[in-house]
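Everything numeric here is computed off the predicted structure, so don't read it as measured data.
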Amino acid sequence: MENRNNITEFILLGLSQKKEIEVLCFLLLLLCYIAILMGNLLVMISINRSQLINQPMYFFLSYLSLSDLCYTSTVTPKLITDLLAVKKTISFSGCMTQLFTMHFFGGIEVFILTGMAYDRYVAICKPLCYTVIMTRQNCHIMIAASCAGGFLHSFGQFLLAVFLPYCGPNEIDHYFCDVYPLLKLACTDTSRIGLLVIANSGLMGLVTFVVLLISYAVILYTVRSYSIENRCKALSTCSSHVTVVVLFFAPLFFIYIRPATTLPEDKVFALFYTIIAPMLNPLIYTLRNMEMKSAIKKLWCPITGREEMN
């Protein structure tokens, strides 16, 4: 604890050390962040101001968009401003706050995706019980449970990092504060802590992913007896969700299900779940969903929406 006070701030090395590349990344990531804000706000407002909010699937989708916004905002604004900064620094308290909030909203997103998979499972495999199981009260309970799960996960990560002794150097080879880069800077043996990180982040993600795979395997088995039209409708909804799950979980596995080491590729893979996935999620859920497209048209293009109804 005494050695930790030697470090009052950390230096983030960022995505690149070349100014030309940093300027290019600044422009690209600024456009990505604007797209994230506009896309997720569009989904949230369109759902909450239409009848879709009464359907559990879109209720969860609205909260997924909110968690995407919060999740990416813990990292992306700092990354964008740092790309034009001469010295990329973050205070010790700011680093720990960023670590906690990023894992908090990331954990919430993981559990909401699980809730969405459960909703599809009940809708397709137990349609007669759907209205009884997926009540609004139960949906709120699942969102509250997602927040509680996200808090427990992030609090565990926070405790693993905040009490480590940091006595120098203070350069983090990343564009945000995460557990593995911080373990590399600790002035103590972190092998056991690395195992705890794998248990907290890696195994949590792996178990969740396996549960999701099992649920969709059951769904695929169930829809075999459906008519071609109903089968296509069910699979269309599920395919969007599976795409989002793969985009989010695949890079997480690369980073967290391995020994506590940092690799140059970590920054690229981290971009997928901190920026790329939150940007693509609104497109994935709207482009292949007629109800979402209809709700957006009715809200933002009322004349066109009325003409379609007529």
Side-chain angles (χ1 to χ4, degrees), residues 4 6-37 40 68-106 109 154 157-158 160-162 164 166-187 190 194 197 201 247-248 250-256 258-281:
R4 189 197 70 184
N6 293 336
I7 300 296
T8 58
E9 67 177 16
F10 294 101
I11 297 173
L12 299 169
L13 297 183
L15 291 173
S16 174
Q17 303 298 309
K18 296 181 180 179
K19 198 62 185 176
E20 297 81 6
I21 296 178
E22 286 189 324
V23 172
L24 177 62
C25 288
F26 169 81
L27 295 173
L28 290 175
L29 294 178
L30 179 61
L31 292 174
C32 287
Y33 189 55
I34 293 172
I36 291 170
L37 292 176
N40 285 286
D68 270 338
L69 273 178
C70 296
Y71 179 61
T72 192
S73 294
T74 63
V75 174
T76 311
K78 171 69 175 168
L79 169 61
I80 292 173
T81 54
D82 279 349
L83 286 169
L84 297 183
V86 177
K87 191 177 181 181
K88 307 169 182 63
T89 61
I90 185 169
S91 66
F92 181 88
S93 59
C95 181
M96 295 303 155
T97 301
Q98 186 183 65
L99 183 148
F100 177 84
T101 54
M102 189 196 73
H103 281 276
F104 174 60
F105 291 114
E109 184 155 349
S154 62
Q157 298 290 81
F158 175 78
L160 292 175
V162 73
L164 288 173
Y166 301 102
C167 49
N170 65 337
E171 290 185 344
I172 298 177
D173 189 16
H174 216 306
Y175 61 87
F176 63 90
C177 289
D178 204 1
V179 181
Y180 280 170
L182 288 172
L183 291 182
K184 192 175 180 180
L185 301 181
C187 306
T190 60
V197 174
S201 292
L247 275 175
F248 190 77
L252 282 178
F253 290 157
F254 176 83
I255 292 176
Y256 291 109
R258 68 167 197 239
T261 57
T262 56
L263 300 174
E265 295 84 3
D266 287 355
K267 299 177 187 180
V268 177
F269 279 92
L271 285 173
F272 276 91
Y273 60 80
T274 57
I275 296 175
I276 304 300
M279 180 179 67
L280 294 180
N281 285 356

Any [X] side-chain heavy atom under 4.5 Å of [Y] side chain:
X	Y	answer
Glu109	Asn281	yes
Leu280	Ile276	yes
Glu9	Ile90	no
Asp178	Ile172	no
Leu12	Thr89	no
Ile275	Tyr33	no
Leu69	Leu37	yes
Asn170	Thr8	no

For this session: Evaluate whether atom NZ of Lys19 has more than 12 neighbouring non-hydrogen atoms of other residues, nucleotides or ligands under 6.0 angstrom away.
Result: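 Atom NZ in Lys19 is packed in, count exceeds 12.
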Exercise. Is the CZ atom of Phe254 crowded by more than 12 outside heavy atoms at less than 6.0 Å?
Worked result: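 Yes, because the 6.0 Å sphere around CZ of Phe254 holds more than 12 heavy atoms from other groups.
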Exercise. Would you call the rings of Phe10 and Tyr166 parallel, tilted or perpendicular, where under 30° means parallel and over 60° means perpendicular?
Worked result: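 Perpendicular: the ring planes of Phe10 and Tyr166 meet at over 60°.
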Exercise. Would Lys184 and Asp173 pass as an ion pair if we require N to O under 4.0 Å?
Worked result: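 Asp173 and Lys184: not salt-bridged.
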Exercise. Taking NZ, NE, NH1 and NH2 as the nitrogens, is one of them in Glu22 or Lys88 under 4.0 Å from a carboxylate oxygen of the other?
Worked result: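 Result for this pair is yes, salt bridge flagged.
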For this session: List for me each residue that meets side chain to side chain contact (heavy atoms under 4.5 Å, CB included) alongside Thr274, sequence neighbours excluded, and say none if there are none.
Result: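 Thr274 satisfies side chain to side chain contact (heavy atoms under 4.5 Å, CB included) with Tyr71, Tyr175, Phe176 once adjacent residues are dropped.
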Exercise. Roughly how far apart are Leu29 CG and Asp82 CG, rounded to 0.5 Å?
Worked result: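 Atom-to-atom, Leu29:CG and Asp82:CG are 11.5 Å apart.
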Using a 3.5 Å distance criterion without hydrogens, assess whether the side chain of [X] forms a donor-acceptor pair with backbone atoms of [Y].
X	Y	value
Asn40	Pro278	yes
Glu171	Ile11	no
Thr72	Asp68	no

